[in-house]
Each structure stands twice: as structure tokens, then as C-alpha cells.
Protein chains: 2
Amino acid sequence: MTLTQVSCSNCSLDNICLPRGLSQTEIDNISKVVKARKTLQRGDFIYREGDHFKGILAIKSGSAKLVANDNHGNEHILNILLPGELLGFDGLSREKHGCAAIALETMTFCILPADSMDQLFQNLPGLTRELFRHSGEKMLEDKNQLVLSKRPAEERLAYFLISLSERLKRRGFSSSEFKLSLTRQEIGNHLGLALETVSRLLKKFQDDELIEVQNRFIKIKNLGLLKNLLQPLV
Amino acid sequence: MTLTQVSCSNCSLDNICLPRGLSQTEIDNISKVVKARKTLQRGDFIYREGDHFKGILAIKSGSAKLVANDNHGNEHILNILLPGELLGFDGLSREKHGCAAIALETMTFCILPADSMDQLFQNLPGLTRELFRHSGEKMLEDKNQLVLSKRPAEERLAYFLISLSERLKRRGFSSSEFKLSLTRQEIGNHLGLALETVSRLLKKFQDDELIEVQNRFIKIKNLGLLKNLLQPLV
DNA sequence: CGTATTATTGACTCCATTCAAAGATAGTGG
DNA sequence: CCACTATCTTTGAATGGAGTCAATAATACG
């Protein structure tokens with residue numbers, strides 16, 4: 001993979017990515033060390049479990065999944081990452097990645113290289129705080145997922161759809177219509193459900209006129225009712 | 001609660017707490033801002049959900065639980081914290097705590113105050129890295145829990161016992177005999193199981209001579225066999 | 001010593017899984 | 001462009017693991 005210099009100040013993600021809330025000088029400083037990698041295709045590894053930590057990544061376009069493997073060869077999809085979101089934190093503590101990141105579709109991303117991070121900590125306390133903020137945010141999401149994992153199948157799937165919708169909205173995409181770049185298998189894996197259960201529930205949601213499903217395209221028809229399904233959460 | 005000045009350099013937790021791997025000068029710098037709070041009792045709140053973030057805490061003695069509440073009044077125990085472990089990260093991103101922390105038994109802790117953190121980031125990149133390391137560590141644990149939440153009851157309980165044992169060992173406590181400061185209810189809540197299931201499984205583990213249970217005292221008799229139960233994990 | 005909380009044990013029920021088979025979709029090469 | 005294949009999705013029927021309900025026993029606590 002080749003690296004190219006990027007400019008954060010004219011990036012289309014400027015106010016949803018790292019620099020959010022930083023001064024122009026600070027952004028210029030970041031620009032100096034941020035690199036962009038070229039395009040990946042569905043199934044390509046962004047990094048593998050055990051890979052040396054090379055930095056925090058920001059998704060510019062496309063999406064990715066974080067995957068942990070147990071020693072029976074089962075994949076566990078821990079997280080889905082959308083444009084403007086950061087990944088790589090799983091490599092922060094041990095210099096090695098604790099799980100793999102895999103492209104779900106054609107995607108591009110930027111890198112905040114590990115070797116310049118210490119220097120950034122010293123020069124840009126604002127960035128440091130922002131990174132902590134982001135990592136705290138990720139932890140809260142994990143907590144939510146953990147609470148969710150104890151809830152019945154219907155709630156899990158409803159929450160999954162709502163959460164995707166809200167995250168897409170936050171990034172300026174349509175929150176009511178989107179394409180899932182995941183198979184039923186992958187959704188089920190992520191939520192701890194059998195793929196058949198996912199299929200049945202999507203059908204049920206459609207029958208109840210909460211959503212419209214066309215293969216991997218989802219149209220949310222009644223967000224209110226969908227949210228009612230997870231009354232007990234949040 | 002009253003705060004008192006502490007010295008990190010002669011703390012009994014010196015090499016398992018924050019300062020691990022920092023220079024003497026750096027430790028002295030931390031000492032200047034770290035405060036200690038007085039003793040809490042079982043059931044006391046360390047902080048509540050929604051409380052303003054006041055800093056990262058380090059447990060000196062005793063244990064605590066992190067609890068999230070859904071809006072039906074159900075508690076969800078997200079994590080158990082042991083001596084030498086850090087908490088408070090859930091308040092880092094939004095300046096407000098995302099969950100509550102409650103003492104499980106008599107306990108004491110130190111505080112790295114929020115208002116001195118920016119200053120520390122600038123002066124002590126080593127500490128910043130250490131904090132990131134710790135927060136990354138916590139995220140890996142969360143990932144493990146997430147993977148675990150999809151596994152059958154037996155594996156979840158086995159993993160819970162093994163994980164406690166290993167964490168206690170790392171901190172210099174006995175890894176084969178310890179007191180659970182949790183009720184069956186709380187264990188079940190944490191693992192997403194009914195309290196009856198926890199009771200039945202502890203009995204089963206005892207019948208299989210993996211452990212010895214005496215109320216809340218646990219003695220691990222055959223760690224190897226216990227670990228076999230979770231072949232598929234880690 | 002008596003009361004409240006916590007733990008054990010059994011019987012029954014149900015949600016989600018597994019197994020199985022058929023149908024739809026996407027991608028490939030002739 | 002169509003046929004062919006691999007992959008993914010839907011749907012039904014049967015099974016089982018863990019939950020719920022209920023009653024008793026043990027422990028902790030004032």
C-alpha cells in the first residue's frame with residue numbers, strides 16, 4: 001500500500017473527523033503527519049490480529065468490520081465502522097492489534113501514524129483530548145452493546161438498525177434509507193443471532209411496516225415504532 | 001468526602017497502578033496532583049450516572065462494580081473492578097459519567113483530577129501513553145466480554161472465574177482462593193444469566209471437582225479443566 | 001433469637017437454534 | 001447476453017438451553 005500526503009483542512013470529513021474543534025494551526029500540524037492509503041476492496045484486511053500497531057485510522061469512505069477470532073476458527077464481528085469513524089484503538093495498549101479490521105466494501109482511509117503520536121501529545125493537547133473523547137465514545141458504545149447482548153433478538157436487531165441510522169445521519173448521510181454492506185450471516189454474527197433469526201425478524205419488521213427490506217437495502221418507514229421495541233434500553 | 005495529598009512513590013500499588021514504567025521525576029509530578037478519598041462501604045456510590053467527570057480513579061483496596069441503568073429500572077453490571085485497576089473512563093468523552101460506580105465492599109481509591117489532565121498530557125507524554133494503554137486494555141476486555149456474551153452459560157461462568165483469578169494474581173493476591181463480593185444475582189446480571197442458572201452451574205462445577213464453593217468463597221481446584229470449558233475462547 | 005436477604009432445587013415453558021430444503025441473487029465465462 | 005455456479009436468503013419443523021415460577025433452605029444481620 002502506498003502512502004500519500006493529505007491535507008486535513010480541505011477534507012470533506014473536516015468536521016466529523018479528528019480535527020473537530022481544533023484551531024487552524026492545530027489542524028495544519030496534524031496535516032503534516034497524517035497519511036492517506038489507497039483504496040481497499042471488500043474482504044481486504046486493513047490490519048490483522050497481531051499486526052504491529054501503526055496508528056489510528058479514520059475512514060474517509062466505505063465501511064469496515066472489526067473481527068476477533070477464537071481458536072476454533074469462528075469469527076466474531078465486534079463492530080461496524082462507518083465513514084468519519086476512527087479505528088485502531090485495539091492496538092493502542094500492546095502495540096499489537098487485538099483484532100482484525102476488514103473492508104466491507106470499497107473504502108479509503110487516513111492514518112495518524114503511531115510514531116508521531118508522542119510528539120502530537122506534547123504539541124496538541126486538544127488532539128489528545130479529542131482522541132480520549134473518541135476512545136471514551138467507543139467504550140460507551142461497547143457498554144451499550146453489552147447491555148444489549150442480554151436483550152431478546154427483536155430488540156437487538158431494532159437497536160442495530162437504529163444505531164446505524166443515527167450514525168449515518170450524524171455523518172450527513174440519509175438516515176432512513178441505506179445499504180447494509182453485511183450479509184444476514186454477518187448481522188447475525190455481530191448480534192449473536194442465527195442468520196435465520198435475522199431473516200425472520202427482518203421479515204417481521206417489514207410485515208409490521210416498521211421497515212422495507214429489499215435485499216440489503218433498508219428503508220426505515222416508522223422510526224418511532226421501531227424505537228418502541230427498545231423502550232427498556234437507553 | 002475529603003481529599004488528602006498522597007505520595008505515589010511509596011504507594012503499595014506502585015508497580016501495578018498508573019506510574020508503571022515512568023521515571024522518578026514523572027512519578028513525583030503525578031504525586032503533586034493525585035488525591036486520595038476516604039473509605040467507602042458496600043453499596044456506596046463512587047460516582048453516579050450523569051455525574052460530572054472529576055478524574056480517573058485508581059482502586060487502592062476493595063472492589064467495585066460499574067453499573068448502567070436502562071429506563072425500566074434494571075441494573076446492568078458492566079464490569080467488576082479490583083485493586084490496582086482504573087475506572088472513570090466512561091466519563092472521559094462527554095465530561096459526564098455514562099454509568100455508575102458502586103463499592104462492592106469496604107474500599108479506598110486515589111484520584112487523578114480531571115482539571116490537571118491537560119497539563120499532565122503536555123508535561124508527561126509517558127503518562128498519556130499509559131492512560132491510553134490502560135483504556136485500550138479495558139476495550140480489549142470489553143471485546144472479550146462481547147465475544148463471551150454469545151457463548152453458552154457454562155463458558156461464561158468459567159471465563160468469569162478464570163478472569164477474576166488471573167486479575168487477582170497479576171495484583172499479587174491468591175489466584176486459587178478468593179471471596180466473590182457479589183451475590184448470585186449480581187454474577188448472573190453481569191453474565192446475562194438467571195441467578196438460578198449461576199447457582200446450578202456453581203454446583204455443577206463443584207460436583208465435577210473443578211472448584212469448591214463455600215457461599216461466596218471460591219477455591220479453584222482444577223484450573224486446567226476449568227480452562228478446557230472455554231477451549232473455543234481466547 | 002427472629003427477620004430479611006440470599007441461595008438451592010425442581011417442574012414447566014418458551015425463545016431462539018439447528019437441521020433441512022427450496023428459492024433468489026450476483027458474478028463469471030462462453 | 002444468457003447460462004451456470006456459488007453464495008446468500010427465505011421458510012418450515014423439531015429440539016434444546018436457559019428462563020420463569022414456586023417452594024424450601026441457609027446465611028447474615030440487627
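Just so we're on the same page: letters track the sequence lines, and every chain starts at 1. On a predicted model such as this, the values are computed, not experimentally measured, just so you know.
- Side chain A:Glu154 to base C:dC15: no donor-acceptor pair is found below 3.5 Å.
- Remark: P of D:dT11 and CG of A:Leu201 are 12 Å apart, rounded to the nearest angstrom.
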Kindly determine whether B:Lys54 and B:Tyr47 satisfy side-chain contact (heavy atoms from CB on, under 4.5 Å), including the steps that lead there.
CA-CA 9 Å; B:Lys54 294 187 209 70; B:Tyr47 52 79; 5.5 Å; no
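- Taking atom CG of residue B:Leu191 and atom P of nucleotide D:dA18, one finds them 12 Å apart after rounding to whole Å.
- Among the nucleotides D:dT10, D:dA18, C:dT17, the one closest to any side-chain atom of A:Ser199 is D:dT10.
- If you measure from atom CG of B:Leu180 to atom C1' of C:dA7, you get 14 Å, rounded to the nearest angstrom.
- Nearest-nucleotide positions on DNA chain C for B:Arg42 and B:Lys203 put B:Arg42 closer to the 5' end.
- Taking 4.0 Å as the cut-off between side-chain N and carboxylate O, B:Glu186 and B:Arg216 do not count as a salt-bridged pair.
- Remark: B:Glu154 engages B:Lys204 in a salt bridge, criterion side-chain N to carboxylate O under 4.0 Å.
- A straight line from CG of B:Asn189 to C1' of D:dT20 spans 16 Å, rounded to a whole angstrom.
- Applying the 4.0 Å criterion to OP1 and OP2 of C:dT6, one finds that B:Arg184 has every side-chain N and O outside that range.
- Across all strands shown, B:Thr183 has heavy atoms under 4.0 Å from sugar-phosphate atoms exclusively, and none from any base.
- For the pair B:Arg156 CZ and D:dG17 P, the interatomic distance rounds to 14 Å; values are reported in whole Å.
- No salt bridge links A:Glu196 with A:Arg184; every basic N to acidic carboxylate O contact stays at or beyond 4.0 Å.
- Across all strands, B:Leu195 comes closer than 4.0 Å to base atoms (heavy-atom distances).
- Rounded to whole Å, the distance from CD on A:Gln185 to C1' on C:dT18 is 13 Å.
- Note on A:Gly188: nothing from the nucleic acid sits closer than 4.0 angstrom, heavy atoms only.
- Put simply, the side chain of A:Arg216 and the base of D:dT7 share no donor and acceptor less than 3.5 Å apart.
- Counting only heavy atoms from C-beta on, B:Asn215 has its side chain closest to D:dA28 among D:dA28, D:dG19, D:dT11.
- Counting to the nearest Å, the P atom of C:dT8 and the NZ atom of B:Lys204 are 16 Å from each other.
- Within the 4.5 Å cutoff, the side chain of A:Leu146 has no heavy atoms near those of the A:Asp142 side chain.
- A donor-acceptor contact under 3.5 Å links the side chain of A:Arg200 to the base of C:dT18.
- With rounding to whole Å, B:Glu196 atom CD is found 7 Å from D:dT20 atom C1'.
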